[in-house]
Protein chains: 2
Amino acid sequence: MEGHNTKLSKQRELVLQIVRSTKMHPTAEDVYYKAKKTMPRISMGTVYRNLRLLSKMGRIKEINFPDSPTRFDGDMRDHYHIRCSECGRIEDISHFSPRAAVDEIEKLTMYQIHTVHIKYEGICPECQKKSKIS
Amino acid sequence: MEGHNTKLSKQRELVLQIVRSTKMHPTAEDVYYKAKKTMPRISMGTVYRNLRLLSKMGRIKEINFPDSPTRFDGDMRDHYHIRCSECGRIEDISHFSPRAAVDEIEKLTMYQIHTVHIKYEGICPECQKKSKIS
DNA sequence: TTAATAATAGGAACTATTACTAATTTACTC
DNA sequence: GAGTAAATTAGTAATAGTTCCTATTATTAA
């Protein structure tokens, strides 16, 4: 996997810059239309491929909420997200650790929270064994 | 929205029972094939529609991880999920509050955790206003 | 029992995403 | 710098997951 200093193709650079320069948590489509303003011939496939790669490179984050397309976030600092189940907007939550009580987050954001999703991702014991062997 | 005591159609009842009777966090497809064993003529559309409805009724939960189809969980008790990024399996985490340190969860599960997703869902201030007016 | 309502099976349609391919760009070597 | 290999692209076709549509069937209420 390429490091943070690897030179990126023009298209990849543009995609990264677009995702980084907004707090709107854009979808792939959003990124595509913004990119077209600078590079009218860029293709959707290129946008998707680069979003995927940048995400694997650890330079942007994917945000998946149910029933909506994947969104992307260029802010790699530790923070969480809150979505309005009515209008679908996604906003950042900062300055609070995951330990913050839901009450506190409600006060901070003025949202009426009804669901908390907490998910961990990692490598399970069996797969850890497998990768040691191979 | 119907309550917990509303009588469900046979198909809806079956879908609910299948999701409840496993800890495998099945996909819609999984549910469909299990359902066919009891009701060979049940259709995919029916399975999807009922999963969606049951989820909206608050009788089952949806689990969305990136790059994989939606999974369903009939266990409505407070608990969290952990996915292996290698093999994709999803397991439950119980007995720990969201406050549990990642370290503790690693010890408990033997996973090597590399990502924590925390998401809140609720209704934003603007939408709260809107629903008061209408 | 009839009329209204809800739910179904089956299949078509849709949306988000990925895969394919020929052409282009970039990087590497002499 | 020219030649060659490797990476990336644009454009398009294909796919997977999910939702929608329609005619039919089941359920409920009067």
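Throughout, protein chains are lettered first and strands after them, A, B, ... in sequence-line order, and every chain is numbered starting at 1.
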When you check the phosphate oxygens OP1 and OP2 of D:dT8, does a side-chain N or O of A:Arg12 lie under 4.0 Å from one of them? yes
Nearest heavy-atom contact between A:Tyr111 and A:Glu91 is OH-OE2, 2.9 Å
Atom CZ of B:Arg41 to atom P of D:dT24: distance rounded to whole Å? 14 Å
Take atom CE in A:Met44; do more than 12 heavy atoms of anything else shown fall under 6.0 Å from it? yes
Output the single nucleotide from D:dG17, D:dT27, C:dG10 whose closest atom is nearest the side chain of B:Tyr48. D:dG17
Taking only N and O in the side chain of A:Arg49, is any of them less than 4.0 Å away from OP1 or OP2 of C:dT18? no
Rounded to whole Å, please give me the gap between NZ in B:Lys36 and C1' in C:dG10. 11 Å
Report the residue from B:His81, B:Arg20, B:Lys61 that forms a side-chain hydrogen bond (donor to acceptor under 3.5 Å, both in side chains) with B:Asp73. B:His81
Let me check something: do B:Met57 and B:Ile63 share a hydrophobic cluster, defined by ILVMFWY side-chain heavy atoms less than 4.5 Å apart, either directly or through other members? no
Does OP1 or OP2 of C:dT17 have a side-chain N or O of A:Thr70 closer than 4.0 Å? yes
Any side-chain N or O of A:Gln11 below 4.0 angstrom from OP1/OP2 of D:dA10? yes
Given D:dT8, is OP1 or OP2 found less than 4.0 Å from the side-chain N or O atoms of A:Asn50? no
Nearest-Å distance, CZ (B:Arg71) to P (D:dT18)? 11 Å
If the cut-off is 4.0 Å, is B:Ser9 near the phosphate of C:dT8, judged by side-chain N/O to OP1 or OP2? yes
Side-chain N or O of B:Arg52 less than 4.0 angstrom from OP1 or OP2 on D:dT18? no
Figure out the CG/P separation between A:Leu53 and C:dT17, and round it to whole Å. 15 Å
So which one's nearest nucleotide on DNA chain C is more toward 5', B:Thr46 or B:Asp67? B:Thr46
I'd like to know whether CE of B:Met76 has more than 12 heavy-atom contacts from other residues, nucleotides or ligands below 6.0 angstrom. yes
Atom CE of B:Met39 and atom P of C:dT8: how far apart are they, to the nearest Å? 8 Å
Distance in angstrom units between B:Leu51 CG and C:dA7 C1', rounded: 15 Å
Out of C:dT18, C:dT17, D:dG11, which nucleotide sits closest to the side chain of A:Pro69? C:dT17
Just to be sure I understand the rule, does A:Thr27 reach a base, reach only the sugar-phosphate, or reach nothing, if contact means heavy atoms closer than 4.0 Å? nothing
